[in-house]
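Small disclaimer: the values here were computed from a predicted structure and weren't measured. The basis for the numbers below is simple: all heavy atoms, side chains too, and nothing from hydrogens, waters or symmetry mates.
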Amino acid sequence: LKTMKEELTNSKTAKLAKEKGFNIPCMDFIDGQGDRSSVMGYIGDTFEEKLLMAEEFILYFLPTQSLLQKWLREVHNINVNVNYYNDKITPIRWTVFIDTTYIPCKGVTYEQVLEEGLYNALNLIEI
């Protein structure tokens, strides 16, 4: 049985998310050197203790795509949906809708298209 793994946003999307106000503590983050790191590599018995130790090194968090999608929906009322089409009429297999607006995306997988949709959705937020 293949286990399903949550896909992290890429650093470009994660950086934009921080600029737009996303600040939910996540396990993975980008540090001051631009490297990916994990809170779990820090000393402490709980996530909260490890997060406290890592805090000064965190430039921005790397959320999972589903967490960022939920944040956009719950905090900004922006719904990002990915649809799959497999017919002779639609040459594009994956499409993204932000609310009811169609966003053309280039991607082979659900995750690639969702990433593009999340990035586009973040750009709709005015700060």
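E115 and Q65 form a side-chain donor-acceptor contact under 3.5 Å, judged by distance and modelled atom types alone.
For L51, the side-chain contact (heavy atoms from CB on, under 4.5 Å) criterion is met by P25, V39, F47, I58, F61, not counting sequence neighbours.
Grouping Ile, Leu, Val, Met, Phe, Trp and Tyr by side-chain contacts under 4.5 Å, direct or through others, puts L62 with I30, L59, Y60. Cluster note: L8 groups with no other residue, as no ILVMFWY side-chain heavy atom lies under 4.5 Å from it.
Nearest heavy-atom pair, P63 versus L68, reported as atom, atom and distance to 0.1 Å: CG-CB, 4.3 Å. What you find for V96 and G117 is that their closest heavy atoms are CG1-CA, 3.7 Å. Closest heavy-atom contact between E6 and S66: OE1-OG, 2.8 Å. Counting all heavy atoms, side chain and backbone alike, D28 lies closest to S38 at OD1-CB, 4.0 Å. The shortest non-hydrogen separation linking G21 to W71 is C-CZ2, 3.6 Å.
In the hydrophobic clustering of this structure, Y119 groups with V75; members are Ile, Leu, Val, Met, Phe, Trp, Tyr whose side-chain heavy atoms approach within less than 4.5 Å, directly or through other members. A chain of hydrophobic side-chain contacts below 4.5 Å, direct or via other Ile, Leu, Val, Met, Phe, Trp or Tyr residues, connects L124 to L16.
Counting only distance, with no hydrogens or angles, the side chain of N79 and the backbone of D99 share no donor-acceptor pair below 3.5 Å. With hydrogens and angles ignored, the 3.5 Å screen pairs a side-chain donor or acceptor of K50 with a backbone N or O of Y42.
Within a 6.0 Å sphere centred on NZ of K15, other residues, nucleotides and ligands contribute 12 heavy atoms or fewer. Counted within 6.0 Å of CE on M40, heavy atoms from surrounding residues, nucleotides or ligands total more than 12; the atom is thus considered enclosed.
Put simply, CG on L67 and CD on E74 are 9.5 Å apart, with the number rounded to the nearest 0.5 Å. For the atom pair CD1 of I103 and OG1 of T101, the computed distance is 6.0 Å after rounding to the nearest 0.5 Å. Note that the CD1 atom of I78 and the CD1 atom of I98 stand 7.5 Å from one another [nearest 0.5 Å]. The line from CG of N77 to CG of L72 is 10.5 Å long, rounded to the nearest 0.5 Å. Atoms CG and CG, on N83 and N81 in that order, are 6.5 Å from each other to the nearest 0.5 Å. For the atom pair CD (E111) and CD (E116), the distance works out to 13.5 Å, reported to the nearest 0.5 Å.
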Could you give me the CA-CA distance, side-chain angles and deciding distance for T64 and E7, then say whether side-chain hydrogen bond (donor to acceptor under 3.5 Å, both in side chains) is met?
CA-CA 6 Å; T64 61; E7 195 70 32; over 6 Å; no
